[in-house]
Amino acid sequence: MSQSTSSAAAPRMAGRLSRRGKSAEPQPYDFRRPIKLSREHIRTLQIAYETFARQHSTLLTSSLRVVSQVSLVSIQQQTYDEYIGSLSTPTMLATFTLEPLPGTAIIEFSLETAMASVDHLLGGPGGPQPERPLSDMEAPLLRNLLNRALDEFRYAFDTLVAVRPKLEALEYNPQFVQACSASDAVIVASFEMKVGEHECLATICLPFTSIFPKLQGDASDVTLTPAQRHAREEAHRNVAAALGAAPIEVAVRFDPIRMRSEQIIGLQPGDVLPLGHAVTAPLSVTSADITFAHAVPGSHGPRLACLVVPAPPKGAQQLTTPMTTSLTSKDIQP
């Protein structure tokens, strides 16, 4: 990674840590990712990652015999697809597990920095490096260096959670690493990594669902003042009241049927479709395709209505006589 590229990227990444504190404007809320890292969670991770950065700097300097430095730049929550899309190709990716926590984590840095590290391990001066996969002799050297770095990671996170990092595979193309599904949330820590004259932006990607419960456990131990407790209870009541008044679309449905495309295209007013819904079975009351009640059809004055009934017992014997429905010109819009 060139000096100009790094100098342009460093201010952009450095601003992410303080962005939440400086901005007083409302921030958009993504309902697909309802759980967000709080300021306390980021601070807890920041302490652990800063410890790792100091230990890793010492490790690289002593092992490579060249002045090296690793410093934390940012911590942010992303989707796995966003993280993979932000990486360049080729790059050095090392996957590792965090027993006893579930999931797979990733440590990533530039391939040029990886080649320079191997060059220093072999007594070389560093300098410009080729962009190619590691050879059979170079790969074990880098794996040994990464295993020692994961020991420092274990030490840094020991106050948060006791883990046993285990190095797995080395990869050069981000698209070939399937650590999570594309929509899964991850916590990405970015570091400025310098090895001699080489400089790059390194990242560590942790599965959100693995580390977040440990962060929550620490947050629950925080003692709240009476004013803070009152504010939290008031906010909870306000949210509950607002959710209770939110309108939700509800549908009463027969069991669905399957039809071929040619049958759907050939439908005409007056056609009769047999339904697979048993005549003795209640209809499903659904919202967002989730069934939460059962009902039988009826009327309430001039309006159609349904009467909510107990859910049918599982395995109950029901008449299998199918219902039929007649489609009229009012049911099929042109």
Side-chain angles (χ1 to χ4, degrees), residues 1 5 8-23 25-46 48-49 52-53 72-99 101-111 150 153 157 160-161 163 165 167-193 200-219 288-290:
M1 185 174 185
T5 304
R12 170 176 59 84
M13 299 297 294
R16 293 177 179 173
L17 279 176
S18 58
R19 181 174 55 187
R20 290 185 59 178
K22 293 182 178 180
S23 176
E25 298 181 357
Q27 299 296 323
Y29 186 86
D30 190 351
F31 284 91
R32 294 172 299 179
R33 287 179 282 175
I35 303 177
K36 293 285 187 178
L37 290 175
S38 67
R39 192 182 304 273
E40 292 76 14
H41 297 157
I42 292 180
R43 178 56 183 166
T44 301
L45 288 173
Q46 183 178 352
Y49 276 125
F52 168 74
L72 179 65
V73 175
S74 71
I75 300 173
Q76 58 182 156
Q77 178 182 340
Q78 297 179 326
T79 64
Y80 183 71
D81 186 58
E82 291 171 344
Y83 169 67
I84 290 297
S86 66
L87 302 180
S88 59
T89 303
T91 188
M92 173 56 62
L93 298 105
T95 59
F96 62 97
T97 56
L98 291 169
E99 296 180 357
L101 300 182
T104 302
I106 299 174
I107 182 170
E108 177 271 336
F109 51 99
S110 71
L111 185 56
L150 291 181
F153 182 90
F157 273 73
L160 177 62
V161 55
V163 294
L167 184 64
E168 296 292 337
L170 300 181
E171 188 54 68
Y172 308 99
N173 191 330
Q175 302 300 325
F176 293 161
V177 179
Q178 299 296 329
C180 306
S181 62
S183 60
D184 285 351
V186 294
I187 300 176
V188 180
S190 301
F191 302 84
E192 187 180 75
M193 183 177 180
C200 72
L201 193 67
T203 59
I204 294 181
C205 171
L206 299 181
F208 185 88
T209 54
S210 296
I211 199 66
F212 185 72
K214 303 303 178 181
L215 297 174
Q216 285 288 87
D218 287 345
D289 292 329
I290 298 176

Measuring only between side-chain heavy atoms, which start at C-beta, is [X] closer than 4.5 Å to [Y]?
{"X": "Asp184", "Y": "Pro207", "value": "no"}
{"X": "Thr79", "Y": "Ser183", "value": "no"}
{"X": "Thr95", "Y": "Glu171", "value": "no"}
{"X": "Lys214", "Y": "Leu101", "value": "yes"}
{"X": "Phe191", "Y": "Ile107", "value": "no"}
{"X": "Glu168", "Y": "Thr104", "value": "no"}

Inter-residue atom distance [X].[atom1] - [Y].[atom2], 0.5 Å rounding:
{"X": "Cys205", "Y": "Gln78", "atom1": "SG", "atom2": "CD", "answer": "8.0 Å"}
{"X": "Phe157", "Y": "Leu45", "atom1": "CZ", "atom2": "CG", "answer": "5.5 Å"}
{"X": "Leu201", "Y": "Ser74", "atom1": "CG", "atom2": "OG", "answer": "7.5 Å"}
{"X": "Phe153", "Y": "Ile204", "atom1": "CZ", "atom2": "CD1", "answer": "5.5 Å"}

Residue pair [X] / [Y]: nearest heavy atoms and the distance that separates them:
{"X": "Ser190", "Y": "Thr203", "value": "OG-CG2, 3.9 Å"}
{"X": "Leu72", "Y": "Gln46", "value": "CD2-CG, 3.7 Å"}
{"X": "Thr91", "Y": "Glu108", "value": "OG1-OE2, 2.8 Å"}

Any side-chain donor near an acceptor of the partner, Ser38 and Glu40, under 3.5 Å: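 The criterion, which ignores hydrogens and geometry beyond distance, is satisfied for Glu40 and Ser38.
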Mutual orientation of the aromatic rings belonging to Phe212 and Phe208 [parallel < 30°, tilted 30-60°, perpendicular > 60°]: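 Parallel.
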Worked check of side-chain contact (heavy atoms from CB on, under 4.5 Å) between Leu98 and Ile211: CA-CA 10 Å; Leu98 291 169; Ile211 199 66; over 6 Å; no
Chi angles and distances behind the side-chain contact (heavy atoms from CB on, under 4.5 Å) call for Leu93, Phe176: CA-CA 10 Å; Leu93 298 105; Phe176 293 161; over 6 Å; no
Pair Tyr80-Ile106, side-chain contact (heavy atoms from CB on, under 4.5 Å): steps then yes or no: CA-CA 11 Å; Tyr80 183 71; Ile106 299 174; 3.9 Å; yes
Phe109: ring pair (Phe, Tyr, Trp, His ring centres under 6.0 Å) partners, not counting sequence neighbours: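 Checked Phe109 against ring pair (Phe, Tyr, Trp, His ring centres under 6.0 Å); zero matches.
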Backbone of Asn173 reached by a side-chain donor or acceptor of Thr89 within 3.5 Å: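 Here the side-chain-to-backbone pair does not exist.
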Check: Ser210 side chain, Pro102 main-chain N or O, donor-acceptor pair, under 3.5 Å: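 Checked: pair present.
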